[in-house]
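All values below come from the heavy atoms of this structure, side chains included, with hydrogens, waters and symmetry mates left out. Remember, it's 1-based here, ligands and their atoms both numbered in the order they're listed. Values in this document were obtained by computation on a predicted structure and should not be read as measured data.
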Amino acid sequence: MADVQQDSHDSAVTDEWARILAAVEQQEIEFTRFFWVDHNGITRGKAVSRTSLRDRMSSGIGLAKTRQASNLSDLGQPVPGFDAVGEVRLVPDPRTFIPLPYAAGAAAMLCDLVDIDGRPWAACPRTFLKEAIQACEPLTVRAAFEAEFTLCRKRPEPNSLEVLDDTLCFDARGFDVTHDYATSLARALQQQGIDVELYHPEFGAGQHEMTLRHDDALRAADSIVWHRLTARALAEQHGMWATFAPVPSPGFRGNGNHLHLSLWDDAGSRSDRRNVFAEDSDRLGLSKTARHFVGGLLAHLPALVALGCASVNSYRRLRPGMWSGAYACYGQDNREAAVRIPSRLRGSAVTSTNIEVKVGDSTANPYLLLGAILHAGLDGINNALDPGPPLQEDPNLLSPSEQERRGIRRLPRSLAEAVDALEEDEVLMSALGPMRGALYPSLKRADIAYMDAMGTEFEFLTHALRY
Ligand code: GLU
Ligand code: MG
């Protein structure tokens with residue numbers, strides 16, 4: 001049986017590759033970029049010429065292992081096992097092939113990092129998410145990231161970032177200021193097969209948000225990678241600079257990258273598909289499974305923060321009063337809670353039932369973050385963890401003793417605190433495995449020391465440029 005499945009998978013892949021090669025010829029694509037996202041959440045790649053694509057699709061492109069241990073200035077960090085010796089391969093997933101609407105003559109694919117013997121490499125973030133999705137089987141995961149970003153007038157000159165507009169949150173004028181850009185971004189995303197759902201100018205000058213429709217978990221993570229690449233490339237073409245940094249400059253409003261998700265039972269026919277997070281008789285519309293999932297999230301939140309708020313700059317955003325979810329608690333439509341239960345939409349109560357994890361930002365590697373969130377939620381389901389009652393008040397309005405009485409903890413205040421929490425979390429460390437579990441904390445500790453040495457101004461600007 002396994003062989004038959006493998007054969008049919010291989011022939012599907014071969015068909016896919018034939019289709020890609022034909023598209024490359026027909027659309028005169030000279031370079032196909034092979035992208036991956038590193039542990040610092042930076043998308044990097046190497047490109048393959050038209051004539052070499054056929055060979056490289058299966059063999060992949062060689063990449064020095066040490067590239068995974070580069071910091072935001074591309075300086076290699078001293079992580080054991082990531083030195084001058086050793087290679088992995090960038091092997092593309094043909095289902096992610098996209099002719100880039102903003103770069104005529106170029107296409108791109110997202111890659112897995114594969115060992116030279118052909119097996120998945122133990123530090124690969126995308127493989128981590130694939131394994132987490134498998135761990136949820138027979139249930140499937142639907143998810144959507146929603147990234148906020150800041151539009152600035154131009155590529156920042158040293159030490160300066162000037163926001164594009166001074167409009168208010170949801171201000172009607174804000175739509176006019178960005179109309180050409182926003183419509184071209186929506187079109188470019190649709191051309192890449194990504195469904196745009198909503199758009200608005202948001203809180204704070206220059207802040208914008210274009211949300212994507214939920215999708216299966218791997219595609220949701222892939223889509224947010226395309227979203228950031230597209231939003232930034234088009235901004236430059238419009239003479240602007242888009243940054244997804246958590247806080248790009250002093251006084252700017254924080255940019256989050258919240259994650260909405262639900263678990264589904266897709267067995268049976270299309271009409272039988274069932275959102276297993278939904279339960280009509282419950283006050284919040286949540287099933288027992290969903291509540292246990294929330295219990296798992298709350299139990300692992302301090303460690304999840306290390307993966308979601310993945311940079312030194314993240315902790316300028318993850319603060320009370322920023323609607324970023326700085327407290328470990330959950331509640332319906334509670335925007336200060338790390339886990340928000342959105343009230344259900346009339347007319348689609350069951351399908352719209354989902355859980356929102358607010359603590360992530362765009363410095364996170366979306367594959368590591370979503371994979372870890374699934375492992376945390378599964379731990380809650382498997383051990384029937386009780387999240388307790390929802391918090392229907394602003395935690396900032398409760399006295400410290402009342403917060404303590406209700407078990408509402410403040411989440412880590414720095415990347416250092418969060419990385420310590422990650423290393424103490426046996427469930428997530430075991431899910432990450434020894435290689436990721438060694439690389440990630442070492443890289444983050446090196447970032448902390450580097451940013452500390454370089455100073456605040458450098459930190460703001462570096463994050464504004466890199467993300
Ligand atoms: N900007 C907030 C954050 O950093 C989120 C605001 C909202 O709820 O949309 O997470
Ligand atoms: Mg928002």
Side-chain angles (χ1 to χ4, degrees), residues 41 143-152 163-165 167-171 174-175 178 182 185-186 196-214 224 227-228 231 242-261 297 301 304-305 307-343 345 354-364 366 369-370 373 391-392 394-396 410-413 415 418 460 463-464 467:
F145 283 98
E146 44 177 43
E148 294 163 337
F149 57 98
T150 309
L151 279 177
C152 301
V163 291
L164 180 72
D165 58 288
T167 58
L168 303 172
C169 187
F170 311 142
D171 188 333
F175 290 96
T178 55
L185 176 56
V196 172
E197 205 160 47
L198 300 171
Y199 166 67
H200 54 258
E202 218 190 276
F203 233 128
Q207 188 176 58
H208 297 265
E209 180 174 327
M210 191 173 283
T211 58
L212 313 179
R213 199 175 155 66
H214 63 77
I224 204 67
H227 179 287
R228 176 146 56 111
T243 175
F244 288 68
V247 181
S249 203
F252 280 30
R253 193 74 188 192
N255 289 318
N257 188 9
H258 307 166
L259 176 71
H260 290 261
L261 87 165
L297 290 176
L301 262 176
L304 288 173
V305 165
L307 295 159
C309 298
S311 68
V312 170
N313 186 260
S314 297
Y315 296 83
R316 299 186 185 279
R317 166 185 168 262
L318 190 67
R319 289 181 177 174
M322 300 278 279
W323 285 18
S324 54
Y327 293 99
C329 54
Y330 82 106
Q332 187 176 48
D333 293 336
N334 189 336
R335 287 186 162 77
E336 278 290 277
V339 179
R340 177 170 79 104
I341 311 302
S343 45
L345 298 178
N354 74 89
I355 290 169
E356 180 185 39
V357 183
K358 288 180 70 79
V359 290
D361 65 50
S362 290
T363 62
L369 176 59
L370 178 46
I373 284 173
L391 180 72
Q392 292 309 125
D394 182 340
N396 297 303
R410 173 81 160 78
L411 286 168
R413 290 159 204 260
L415 185 55
F460 276 115
H463 288 82
Y467 297 100

Requested in this report: Please write down residue, atom name and distance for the protein heavy atom closest to atom 2 (C) of ligand 1.
Outcome: Glu148 OE1, 3.5 Å

Query raised in the report: What pairs of residues pass the salt bridge (charged side-chain N to carboxylate O under 4.0 Å, His left out) test when at least one of them lies in residues 325-339, not counting sequence neighbours?
Result: Asp333-Arg340

Report task. Taking the Mg ion (ligand 2) as the reference point, name the nearest N/O/S atom of Glu148. Result -> OE2

Query - Interfacing atoms of ligand 1 (cut-off 4.0 Å, heavy-atom, Gly254) - result: 1 (N), 4 (O)

**Report entry** Under 4.0 Å to a heavy atom of Lys358 - the qualifying atoms of ligand 1, by number
**Finding:** 8 (O)

Query raised in the report: Is it the case that Thr211 and Tyr199 place a side-chain donor and acceptor less than 3.5 Å from each other?
Result: no

Requested in this report: Any atoms of ligand 1 less than 4.0 Å from a non-hydrogen atom of Glu202? List them with their elements.
Outcome: 6 (C), 7 (C), 9 (O)

Query raised in the report: Under the side-chain contact (heavy atoms from CB on, under 4.5 Å) criterion, do Val305 and Tyr315 qualify, and how do the steps go?
Result: CA-CA 10 Å; Val305 165; Tyr315 296 83; 3.3 Å; yes

Query raised in the report: Any luck finding a side-chain donor-acceptor pair between Asn396 and Tyr327 under 3.5 Å?
Result: yes

Requested in this report: Report yes or no: does Trp323 have a heavy atom closer than 4.0 Å to ligand 1?
Outcome: yes

Report summary line: In Glu209, the N/O/S atom nearest the Mg ion (ligand 2) carries the name OE1

Requested in this report: Compute the centroid of each ring, for Phe149 and then for Phe244, and state whether the two points are separated by less than 6.0 Å.
Outcome: yes

Query raised in the report: At a 4.0 Å threshold, what atoms of ligand 1 neighbour a non-hydrogen atom of Arg317?
Result: 3 (C), 4 (O), 10 (O)

**Report entry** Min heavy-atom dist His258 to ligand 1 below 4.0 Å
**Finding:** yes

Report summary line: ligand 1 atoms nearer than 4.0 angstrom to some heavy atom of Arg335 are 8 (O)

Report task. Classify the contact between Arg253 and ligand 1 as side chain, backbone, both or neither, using a heavy-atom distance cut-off of under 4.0 Å. Result -> neither

Report task. Establish, from distance only, whether the side-chain atoms of Ser311 and Asn313 form a donor-acceptor pair under 3.5 Å. Result -> no

Report task. Taking the Mg ion (ligand 2) as the reference point, name the nearest N/O/S atom of Glu202. Result -> OE1

**Report entry** Any donor-acceptor N or O pair under 3.5 Å, side chains Glu146, Asn257
**Finding:** no

Query raised in the report: Is there a donor-acceptor contact under 3.5 Å linking the side chains of Thr243 and Thr150?
Result: no

